[in-house]
Each structure stands twice: as structure tokens, then as C-alpha cells.
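Below is one structure, written out as C-alpha cells; comments come after it.
Count residues from 1 along the sequence.
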Amino acid sequence: MLHFGMTGSLSYRRNGARLPPYTRLLIDFGRNRRLAYVDPRKLGRIALAGSPRRFVEAHRLGPDALALDMAGFGKLVAAKRGAIKSWLMDQHAIAGIGNVYADEILFQAGIHPRRSASALDRRELSRLFTKLQKVLRKAIAARADPARMPKSFLLPRRRRGALCPRCRGRVKACPQLAD
């Protein structure tokens with residue numbers, strides 16, 4: 001099991017090639033190849049798991065965000081109180097969404113991160129679910145590379161002072177919600 005934290009990644013390369021800085025694990029393969037687990041901020045984790053199902057059960061992870069349908073998503077949200085961003089990032093409620101993607105999903109859906117999950121109406125829930133699916137699928141297709149994300153995404157400009165892709169205003173960080 002690999003958890004990348006906020007800045008972790010994998011680097012597959014030839015033996016003898018210079019290792020990336022902050023390599024935390026190195027696996028040598030045949031055919032002169034190796035895989036480096038890179039984690040600059042030491043926020044990630046590595047663990048061995050007997051099976052994915054047992055790992056999910058042992059850690060009480062919620063359903064995979066991309067495995068949900070609208071009905072299941074709606075039921076999960078309806079049972080929660082508190083801020084929608086916190087709920088999106090709660091791996092026990094729904095697995096697979098971290099801080100960066102929660103921000104992008106909410107930005108795309110036009111929903112404030114502090115908005116109460118229980119206060120969302122049916123239309124907002126539908127929009128949130130649709131944007132969640134879109135954002136995660138686009139991130140997978142782009143291999144999580146912000147430079148390969150659509151121009152309408154906040155993610156490539158997710159820093160204070162950058163231009164908002166929607167209104168062209170300056171991006172600000174909310175102190176209570178910043179990384």
C-alpha cells in the first residue's frame with residue numbers, strides 16, 4: 001500500500017540512473033529497472049497488505065469515490081453534518097479524495113468548502129457528484145500532473161496570488177482551510 005501524502009510520487013527508471021531526491025523506498029526489478037517511492041515532505045506511508053479487501057476493512061475505509069452512484073452518494077452525504085470539504089476528505093466516509101481534489105471538486109461545483117453537507121439541496125448534490133466524478137477521472141487521465149489538467153481547473157493555479165480560471169481574480173487562501 002502506498003499513500004503519497006501531498007507530494008509523493010513513483011519514479012520508474014533504469015538501474016544506474018540517478019535516484020530522485022527524497023527517495024524513501026527503492027525496488028529493483030529484472031531487466032535493469034527500478035522503482036523509487038519519492039516523498040519529499042515525509043507525509044506518505046508504505047505498508048504491506050495481504051489483500052485490498054482486508055486492508056479496506058481493517059482501516060474502515062468508505063467506498064471508493066469512483067465506485068459510487070448518485071443514490072449511494074446522496075445517502076452518504078445526507079447522514080453527515082459539518083463542512084462538506086471535511087466530509088469529502090474523510091476516508092471513513094468516502095475513500096480517495098484528499099485536500100487538493102476536495103478543493104477542485106468544490107471549486108468546479110461552485111460550493112463553498114465550509115458549507116454544511118446537510119444543507120445541500122438535491123440540485124447541489126447532483127452537481128457535486130457530477131463534478132466529483134469529472135475531476136477524479138480527469139486527474140487519472142492526466143496522471144495527476146497539474147500541468148495536464150484542463151484550463152478550467154483551479155489545480156494548476158492553486159497558489160496564493162495566481163489568477164482564478166473562472167473570474168480572473170486573484171486566488172486567496174482561507175486560513176482555516178489552507179494546507
*asked:* Please check: side-chain N/O of R14 versus main-chain N/O of R33, any donor-acceptor pairing under 3.5 Å?
replied: no
*asked:* Using a 6.0 Å cut-off, check whether atom OH of Y22 has over 12 heavy atoms from anything other than its own residue.
replied: no
*asked:* Assigning hydrophobic clusters by single linkage (Ile, Leu, Val, Met, Phe, Trp, Tyr; side-chain heavy-atom cutoff under 4.5 Å), is F4 placed with V100?
replied: no
*Closest non-hydrogen atom pair between P156 and P146, with its separation*: CG-O, 3.1 Å
*Using the six-membered ring wherever Trp is involved, compare the ring planes of F129 and F73 and label them parallel, tilted or perpendicular (cut-offs 30° and 60°).*
tilted
*Roughly how far apart are W87 CH2 and L120 CG, rounded to 0.5 Å?*
9.5 Å
*Hey, does the side chain of H92 reach the backbone of R60 with a donor-acceptor pair shorter than 3.5 angstrom?*
yes
_Atom pair CD1/CG of I111 and L125 - distance to nearest 0.5 Å_ = 7.5 Å
*Looking at K80 and A117, what are the two nearest heavy atoms and their distance?*
O-CB, 4.2 Å
*Please examine the side chains of V171 and R159, heavy atoms only from C-beta on, and report whether any two atoms are closer than 4.5 Å.*
no
_What's the separation between atom OH in Y101 and atom CG in L136, rounded to the nearest 0.5 Å?_
8.0 Å
*Check which hydrophobic residues are tied to L19 through side-chain heavy-atom contacts below 4.5 Å, counting indirect links as well, and list them.*
L26
*Heavy-atom check, side chain of L61 versus side chain of F55, under 4.5 Å*: yes
*Examine distances only and state if a side-chain atom of R166 and a backbone atom of F107 form a donor-acceptor pair shorter than 3.5 Å.*
yes
*If you measure from NZ on K134 to CD1 on I105, what distance do you get to the nearest 0.5 Å?*
11.5 Å
*Check the pair K138, E104 against salt bridge (charged side-chain N to carboxylate O under 4.0 Å, His left out), reporting the backbone distance first and the verdict last.*
CA-CA 11 Å; K138 292 280 187 189; E104 187 66 50; over 6 Å; no
*For D69, side chain to side chain donor-acceptor pair (under 3.5 Å) partners two or more places apart*: none
*Could you pull out the closest heavy-atom pair between L154 and Q108, with the gap in Å?*
N-NE2, 4.3 Å
*For M89 and A102, work out which heavy atoms get closest and say how close.*
CG-CB, 3.7 Å
*Go through the steps for L2 and Y37 under the test side-chain contact (heavy atoms from CB on, under 4.5 Å), then give the verdict.*
CA-CA 9 Å; L2 299 174; Y37 172 79; 3.9 Å; yes
*Same cluster or not: are V38 and L10 linked, directly or through other Ile, Leu, Val, Met, Phe, Trp or Tyr residues, by side-chain heavy atoms under 4.5 angstrom apart?*
no
*Check whether the side chains of S51 and R53 place a donor and an acceptor atom closer than 3.5 Å, and report yes or no.*
no
*How far apart are the C-alpha atoms of D64 and V56, what are their side-chain angles, what is the distance that settles it, and do they pass the side-chain contact (heavy atoms from CB on, under 4.5 Å) test?*
CA-CA 10 Å; D64 184 295; V56 167; over 6 Å; no
*Min side-chain heavy-atom separation V135-L155 under 4.5 Å*: no
_Between R34 and N15, a side-chain donor and acceptor under 3.5 Å_ = yes
*Taking the side chain from R157 and the backbone from K151, do they hold a donor-acceptor pair closer than 3.5 Å?*
yes
*Donor-acceptor under 3.5 Å (S126 side chain, R122 main chain)*: no
*Measure the spacing between CG of L106 and CZ of R115 and express it to the nearest 0.5 Å.*
11.0 Å
*Under a 4.5 Å cut-off applied to non-hydrogen side-chain atoms, are H3 and I46 in contact?*
no
_Between CG on residue L128 and CE on residue M70, distance to nearest 0.5 Å_ = 8.0 Å
*asked:* So which atom in A141 and which in R148 form the shortest heavy-atom distance, rounded to 0.1 Å?
replied: O-NH2, 3.7 Å
*Any sub-3.5 Å donor-acceptor pair from R24's side-chain atoms to D39's backbone N or O?*
yes
*Indicate the atoms forming the closest heavy-atom contact of P63 with L68, along with that distance.*
CG-CD2, 3.7 Å
*Find out whether I140 and L66 are in side-chain contact, i.e. whether some heavy atom of one side chain is under 4.5 Å from a heavy atom of the other.*
yes
*Checking H112 side chain against R114 main chain: does a donor-acceptor pair fall under 3.5 Å?*
yes
